[in-house]
Each structure stands twice: as structure tokens, then as C-alpha cells.
Amino acid sequence: MEMITNVTEYEAIAKEKLPKMVYDYYASGAEDQWTLNENRNAFSRILFRPRILVDVSKIDLTTTVLGFKISMPIMIAPTAMQKLAHPEGELATARAASAAGTIMTLSSCASSSVEEVASTGSDIRFFQLYVLKDRNVVAQLVRRAERAGFKAIALTVDTPILGHREADIKNRLTLPLNLVLKNFEGLDLGKLDKTSDSGLASYVAGQIDPSLNWKDIKWLQSITSLPILVKGVLTVEDTRIAIQAGAAGIIVSNHGARQLDYVPATIMALEEVVKAAQGKIPVFLDSGIRRGTDVFKALALGAAGVFVST
């Protein structure tokens, strides 16, 4: 590990150490994986026009996100079921975010609960939310996140159904017996069991509400005072509607290319979203980020910060 010099090198190590089903779950995208590759390739097509003889002896990377000061404009995106990769899972991620002075976003489908993550310390955290068919369960999750000290809701809006992830189907993805989706534990939502295809896809199809629409943001605002970031926006049109709906911010996201294939790379969609937002709300970006130069490109195109997957 001490020989690693960049983020991309972790992928080869992960492929060597993780079970195939787990590695494929983390690494793969939807269908042809065109957008998965484009998320990276698009960054490589953006070039710098460097200016010289500028005093850079004092650099300050700190910034504020929704009024919270963090050490750098790099935050942690929600990643489900992290204990598939390491026994400490989201708890280790929470501690790492705290040490780095930045924000962690906890997935609804985490293998650690909001309460367990909160127990690692009183740091700034956001909670990623899927809206389920049972709105009482959604309200419970939001209230639990509030009580646990989470500071914002990142509402995922690009998953009316789960993307067609062929690697998960071939592997018949499921959770080991010792792991559960902790935020749903005890809520009688069924189990992520083995099926003839992807256990995750079957589970999501049974739980996530495909009727989710813009009116539901108003409903969510009625049950929480937390600011709501709309995660999954790629167009001018949806940016304008999100602002009208009262979103506190937008995350330009294609779900790491795991949902709808053949959508643009997020860095290609960013500029139009930023222009449509007109500075009224902050615009963030996730997907495809591997280097500091990627972060810089996103900031140069108007992002207020980026979210990276762990």
C-alpha cells in the first residue's frame, strides 16, 4: 500500500483482494458501460490554459458547503454496503472523513446505521435518501438521520428502477449472511436474498417508489427542516425545476454510470447545469473523479465542490 501513488492504482489491488462478486459490484456500470468509460474519458478531453508568474506561495483549499466549513472542496459520496469490502465499512470511512476535515455522505443502503456512524464523532455528515414505497419508513429514516446529527439530505432521483447491471446479474449479487442493510433492519422490508438474477435489483424493485416526482420534494420538505440536495440532475430543464422546488443544491450525477447507460459524463453536463442555476444554489459533481486535476476541472467549470466514491 505504501507504494501507491494515485487513486487508480487501488483498483488493481481491489480486484486482486476482493471476491469477484464484490469487486464487480463496486467497479461495474450499467449495460454496455459506455457512460462508465466516458466518465473518465471526458475529463481527459478538457485541457488547461495555464497562466504563469502568479504567486502561489500561500494556498487555501478550505471552502464552505451549505454554510459548513470544510478543509477542501472534496467530499465523500454515498457508497452502499461498504462492509462487503472491509469489516469496518462505513465506520472507517466516517473516521477518515473526520481526519480529512470533510463531509461524508452515508448511503441509505449502508451496512452501518446512521446511529453507528454518528457514534464515531460529531462531524459534518449528509444522508443519502432513496424514497421507498412505504413513506412511513422514509419519514422514520429522515427523523433518525436528524436525531443522529446529519446536516443535509442528498435525495437520489435517478433510480426509479435499478440500472441493468449485467455483472451483478451474472454474479447473482446478494449480501453475505453476516451483513444487512442496517438502516432498514427491523423494518420488515424483506431481505436482499439470492434470486435468479441480481438480488439487489430484485430488492430495490420491491422497495423503491417508481412514482417519485417533483411533488415529493415538497412532501420531503414538509417532514424535515434539513436542506435537500437533489442528486442525479444532468439537464438545464431539471435544474430550473429543482430550483423552483426549493432544492438547497444540485449534485450533477449519473450514479457513477450505474443507472442509465449512454447519458453524458457528468463533467460534460456540468457547465449547462451551472449556467441554468445562475448562482441561485450551489452545484456539485460526482462520478469519474480520480485526480486532483479532475477536481480542478470541475471547479473551473463552476462546481462548488465534488463528491468522490470510497
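Hydrogens, waters and symmetry mates are skipped; everything else that's a heavy atom, side chains included, is used. On a predicted model such as this, the values are computed, not experimentally measured, just so you know. All residue numbers refer to positions in the sequence shown, counting from 1.
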Parallel, tilted or perpendicular, as decided by the 30° and 60° cut-offs, for the rings of F150 and F127 = perpendicular
Student check: side-chain heavy atoms of D209 and D134 closer than 4.5 Å = no
Apart from F307 itself, which Ile, Leu, Val, Met, Phe, Trp or Tyr residues share its cluster (side-chain heavy atoms under 4.5 Å, direct or through members)?
-> V65, L66, F68, I70, M75, I103, I124, F126, L229, I251, F284
Please step through side-chain contact (heavy atoms from CB on, under 4.5 Å) for the pair K297 and F48, ending with a clear verdict.
-> CA-CA 8 Å; K297 290 171 184 181; F48 297 127; 3.7 Å; yes
side-chain contact (heavy atoms from CB on, under 4.5 Å) assessment of V233 paired with T239 = CA-CA 7 Å; V233 174; T239 301; 3.5 Å; yes
Side chain T224, main chain Q221, donor-acceptor under 3.5 Å | no
Sequence neighbours excluded, every pair satisfying side-chain hydrogen bond (donor to acceptor under 3.5 Å, both in side chains) that has a member inside residues 66-75 = none
Correct closest heavy-atom pair for I228 and I217 would be CD1-O, 4.3 Å
Listed partners of I4 passing side chain to side chain contact (heavy atoms under 4.5 Å, CB included), at least two apart | M1, E9, Y10, I13
Give a yes-or-no answer on whether the side chains of S28 and Q33 include a donor-acceptor pair shorter than 3.5 Å.
-> no
Checking R258 against Y25: charged group under 6.0 Å from the ring centre and within 45 degrees of the axis?
-> yes
Specify the closest pair of heavy atoms between D261 and D32, including all atoms of both residues, with the distance to one decimal.
-> OD2-N, 3.0 Å
Ignoring hydrogens and angles, tell me if any N or O in the side chain of T105 forms a donor-acceptor pair with the backbone of I76 under 3.5 Å.
-> yes
Only pairs at least two apart or in different chains count here, so list each salt bridge (charged side-chain N to carboxylate O under 4.0 Å, His left out) that has a residue in residues 226-241.
-> K231-D286
Indicate yes or no: at least one non-hydrogen side-chain atom of K83 is less than 4.5 angstrom from one of N178.
-> no
N-O pairing of R125 and D123 below 4.0 Å | yes
So which heavy atom on L91 is nearest to which on S112, and how close?
-> CG-OG, 3.9 Å
Ignoring hydrogens and angles, state whether a donor on the side chain of S113 or E185 is under 3.5 Å from an acceptor on the partner side chain.
-> no
Spatial distance of atom OG1 (T174) from atom CG (L84) [nearest 0.5 Å] = 9.5 Å
Please identify each residue that fulfils side chain to side chain contact (heavy atoms under 4.5 Å, CB included) with K20, with sequence neighbours left out.
-> D24, N171
If you group Ile, Leu, Val, Met, Phe, Trp and Tyr by side-chain heavy-atom gaps below 4.5 Å, do V137 and I223 land in one group?
-> yes
Shortest non-hydrogen pair, P160 vs I208, comes out as O-CG2, 4.3 Å
Any donor-acceptor pair under 3.5 Å linking the side chain of S107 with the backbone of T79?
-> no
For Q259, what residues pass the side chain to side chain donor-acceptor pair (under 3.5 Å) criterion, not counting sequence neighbours?
-> R165
When every non-hydrogen atom of A42 is compared with those of I267, the smallest separation belongs to CB-CG2, 3.5 Å
Test item: E115 side-chain N/O and A148 main-chain N/O as donor-acceptor pair under 3.5 Å | no
Rounded to the nearest 0.5 Å, what separation is found between the CD1 atom of I289 and the CD1 atom of I74?
-> 8.0 Å
If two hydrophobic side chains count as joined below 4.5 Å and joins carry through other members, does L212 share a cluster with W214?
-> yes
What residues, two or more places apart in sequence or in another chain, satisfy ring pair (Phe, Tyr, Trp, His ring centres under 6.0 Å) together with W34?
-> Y262
Polar contact flag, side-chain donor to acceptor under 3.5 angstrom, T235-E272 = no
Between atom CG of L226 and atom CG of L155, what is the distance when rounded to the nearest 0.5 Å?
-> 12.5 Å
Using atom types as modelled and distance alone, determine if a side-chain donor or acceptor of T159 lies under 3.5 Å from a backbone N or O of I161.
-> no
Looking only at atom types and distance, does a side-chain atom of T64 sit under 3.5 Å from a main-chain N or O of G67, one as donor and one as acceptor?
-> no
Hphob cluster co-occupancy, I59 + L299, side-chain heavy atoms under 4.5 angstrom | yes
Using atom types as modelled and distance alone, determine if a side-chain donor or acceptor of S287 lies under 3.5 Å from a backbone N or O of G256.
-> yes
Could you pull out all residues at least two apart from A99 that satisfy side chain to side chain contact (heavy atoms under 4.5 Å, CB included)?
-> none
Residues sharing V180's hydrophobic cluster, by side-chain heavy-atom contacts under 4.5 Å among ILVMFWY, directly or via others?
-> none
How long is the span from the CG atom in L301 to the OG1 atom in T266, to the nearest 0.5 Å?
-> 10.5 Å
Taking only residues two or more places apart in sequence, or in another chain, which ones meet N213 in a side chain to side chain contact (heavy atoms under 4.5 Å, CB included)?
-> K215, D216
Listed by chain and number, what are the side chain to side chain donor-acceptor pair (under 3.5 Å) partners of E166, not counting sequence neighbours?
-> none
Starting from the C-alpha separation in whole Å, work towards a yes-or-no answer on side-chain contact (heavy atoms from CB on, under 4.5 Å) for L129 and T156.
-> CA-CA 6 Å; L129 180 68; T156 295; over 6 Å; no
Any chance the side chains of S111 and E90 put a donor and an acceptor closer than 3.5 Å?
-> yes
Could you go step by step and tell me if E11 and R290 meet the salt bridge (Lys or Arg N to Asp or Glu O under 4.0 Å) rule?
-> CA-CA 11 Å; E11 190 166 359; R290 295 293 185 275; 5.1 Å; no
For residues E146 and S225, determine if any side-chain heavy atom of one lies less than 4.5 Å from a side-chain heavy atom of the other.
-> yes
Do L106 and E116 touch side chain to side chain, with heavy atoms closer than 4.5 Å?
-> no
Show the numbers, then the answer: is there a side-chain contact (heavy atoms from CB on, under 4.5 Å) between L179 and M81?
-> CA-CA 8 Å; L179 294 184; M81 303 186 294; over 6 Å; no
S108 backbone acceptor or donor facing Q128 side chain under 3.5 Å = yes
Does any N or O in the side chain of T35 come within less than 3.5 Å of the main-chain N or O of V263, such that one atom is a donor and the other an acceptor?
-> yes
Of all heavy-atom pairs linking A269 and L234, the shortest is CB-O, 3.6 Å
Tell me whether L36 is reachable from V306 by hopping between hydrophobic residues (I, L, V, M, F, W, Y) whose side-chain heavy atoms are closer than 4.5 Å.
-> no
Cluster link W219 to I243, ILVMFWY, side chain under 4.5 Å = yes
Check which hydrophobic residues are tied to I52 through side-chain heavy-atom contacts below 4.5 Å, counting indirect links as well, and list them.
-> L53
Just wondering, do T93 and V117 contact through their side chains at under 4.5 Å, heavy atoms?
-> no
Would you confirm whether R135, through its side chain, and L132, through its main-chain N or O, come within 3.5 Å as a donor-acceptor pair?
-> yes
Verify the distance criterion only: is there a donor paired with an acceptor across the side chains of D158 and N254 at less than 3.5 Å?
-> no
